[in-house]
Amino acid sequence: MSQQASPRGTFLKIADVVRAQIDADDEMTELPSAADLMREHGVSRGVALRVFGVLQKDGVAESVPGGRWRVVRRGQSVDRRPLAERLAEVITDDGLAVGAAFPSASALCARFDVSRPTVSKALDKLQAAGLLSEGRQGKQRTVLSLPNREESSKP
């Protein structure tokens with residue numbers, strides 16, 4: 001008995017399954033991890049990553065630097081600007097003055113739902129732009145200057 005090759009790739013079938021899960025659960029905000037897909041469907045990491053690519057191409061999901069893939073729903077408003085730009089806005093949004101303490105990396109991770117390394121890279125960009133002081137263990141960063149329109153769009 002010969003087995004016929006599937007006319008559709010395995011990754012497409014798995015993408016259909018994940019898409020159905022998203023449609024069935026309005027509360028779903030993150031995709032399963034690659035490890036979850038590998039375990040559940042018995043596929044390689046490469047196949048799992050192709051699933052994410054298909055869902056991204058279809059506008060159903062987007063990659064989150066330092067985090068899991070996020071579900072994108074029609075009409076959902078997601079700020080896709082670089083994290084450094086959004087962190088620069090914290091200064092004006094929170095009404096911070098020059099010399100004021102900037103929120104901790106932990107607080108920023110929770111506020112923007114990203115990983116600590118991602119926040120650290122964005123903070124380093126703001127430091128290089130001259131907006132924040134150097135961060136060291138035990139010493140909180142402070143605001144060195146206020147962002148203007150040009151700086152907030154190019155940190």
Side-chain angles (χ1 to χ4, degrees), residues 11 14-15 17-19 21-41 43-155:
F11 69 98
I14 297 170
V17 169
V18 174
R19 193 177 293 108
Q21 291 171 341
I22 293 168
D23 291 341
D25 184 1
D26 290 337
E27 300 297 316
M28 186 175 183
T29 59
E30 292 182 335
L31 296 184
S33 68
D36 291 340
L37 291 177
M38 292 165 56
R39 185 174 41 257
E40 186 177 331
H41 298 280
V43 295
S44 69
R45 182 168 180 78
V47 171
L49 295 177
R50 289 185 77 182
V51 170
F52 296 141
V54 167
L55 295 172
Q56 182 178 31
K57 182 179 159 220
D58 294 346
V60 176
E62 67 183 359
S63 175
V64 177
R68 291 176 63 171
W69 282 77
R70 176 177 28 226
V71 173
V72 176
R73 300 197 186 271
R74 289 184 180 92
Q76 179 183 22
S77 174
V78 176
D79 192 347
R80 289 182 171 81
R81 293 176 298 149
L83 182 60
E85 188 175 322
R86 292 184 284 154
L87 290 183
E89 274 189 0
V90 168
I91 296 171
T92 53
D93 290 349
D94 292 4
L96 302 177
V98 172
F102 197 73
S104 69
S106 297
L108 294 169
C109 288
R111 183 171 175 173
F112 292 97
D113 194 27
V114 294
S115 69
R116 190 176 207 78
T118 302
V119 167
S120 294
K121 288 177 187 175
L123 289 171
D124 289 345
K125 288 180 181 180
L126 294 182
Q127 178 185 335
L131 296 175
L132 298 178
S133 67
E134 180 181 4
R136 294 190 300 259
Q137 186 172 353
K139 184 175 183 240
Q140 195 167 13
R141 291 180 187 266
T142 57
V143 177
L144 294 179
S145 67
L146 301 177
N148 61 32
R149 286 189 166 228
E150 283 182 28
E151 286 174 340
S152 64
S153 66
K154 297 182 187 178

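Numbers for residues simply follow the sequence, beginning at 1.
Ala15 approaches Leu55 most closely through the heavy-atom pair O-CD2, 3.8 Å. Summarising the geometry of Ala48 relative to Val43, their closest heavy-atom pair is N-CG2, 4.4 Å, with the distance given to 0.1 Å. Summarising the geometry of Ala88 relative to Pro147, their closest heavy-atom pair is O-CG, 3.6 Å, with the distance given to 0.1 Å.
Under the rule for a side-chain contact (heavy atoms from CB on, under 4.5 Å), the partners of Arg45 that lie at least two apart in sequence or sit in another chain are Ala34, Met38, Leu49. Not counting sequence neighbours, Phe11 has no partner by the ring pair (Phe, Tyr, Trp, His ring centres under 6.0 Å) test. Ser44 meets the side-chain contact (heavy atoms from CB on, under 4.5 Å) test with Val47; sequence neighbours excluded. Listed by chain and residue number, Asp36 satisfy the side chain to side chain donor-acceptor pair (under 3.5 Å) test with Ser33 (two or more places apart in sequence, or in another chain).
For residues 49-59, the side-chain hydrogen bond (donor to acceptor under 3.5 Å, both in side chains) pairs, not counting sequence neighbours, are Arg19-Asp58. Sorted by first then second residue, the ring-ring contact (aromatic ring centres under 6.0 Å, His included) pairs that include residues 94-133, not counting sequence neighbours, number zero.
Distance alone, capped at 3.5 Å, is enough to place a donor-acceptor pair between the Ser120 side chain and the Arg116 backbone. Although no hydrogens or angles enter the test, the distance criterion places no donor-acceptor pair under 3.5 Å between the side chain of Arg70 and the main chain of Ser63.
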Mind listing the side-chain donor-acceptor pairs of residues 91-101 below 3.5 Å, one per line with the distance, residues two or more places apart or on another chain?
residue : atom : partner : partner atom : Å
Thr92   : OG1  : Glu89   : O            : 3.0
Asp94   : OD1  : Arg111  : NH2          : 3.1
Asp94   : OD2  : Arg111  : NH1          : 2.9

Give every donor-acceptor pair under 3.5 Å between a side-chain atom in residues 127-135 and any protein atom, sequence neighbours left out.
residue : atom : partner : partner atom : Å
Gln127  : OE1  : Arg141  : NH1          : 3.2
Ser133  : OG   : Thr142  : N            : 2.8
Ser133  : OG   : Thr142  : OG1          : 3.2

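We find the CG-OG1 distance between Leu108 and Thr118 to be 12.0 Å, quoted to the nearest 0.5 Å.
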Verdict with reasoning, Thr29 to Val71, per side chain to side chain contact (heavy atoms under 4.5 Å, CB included): CA-CA 5 Å; Thr29 59; Val71 173; 5.5 Å; no
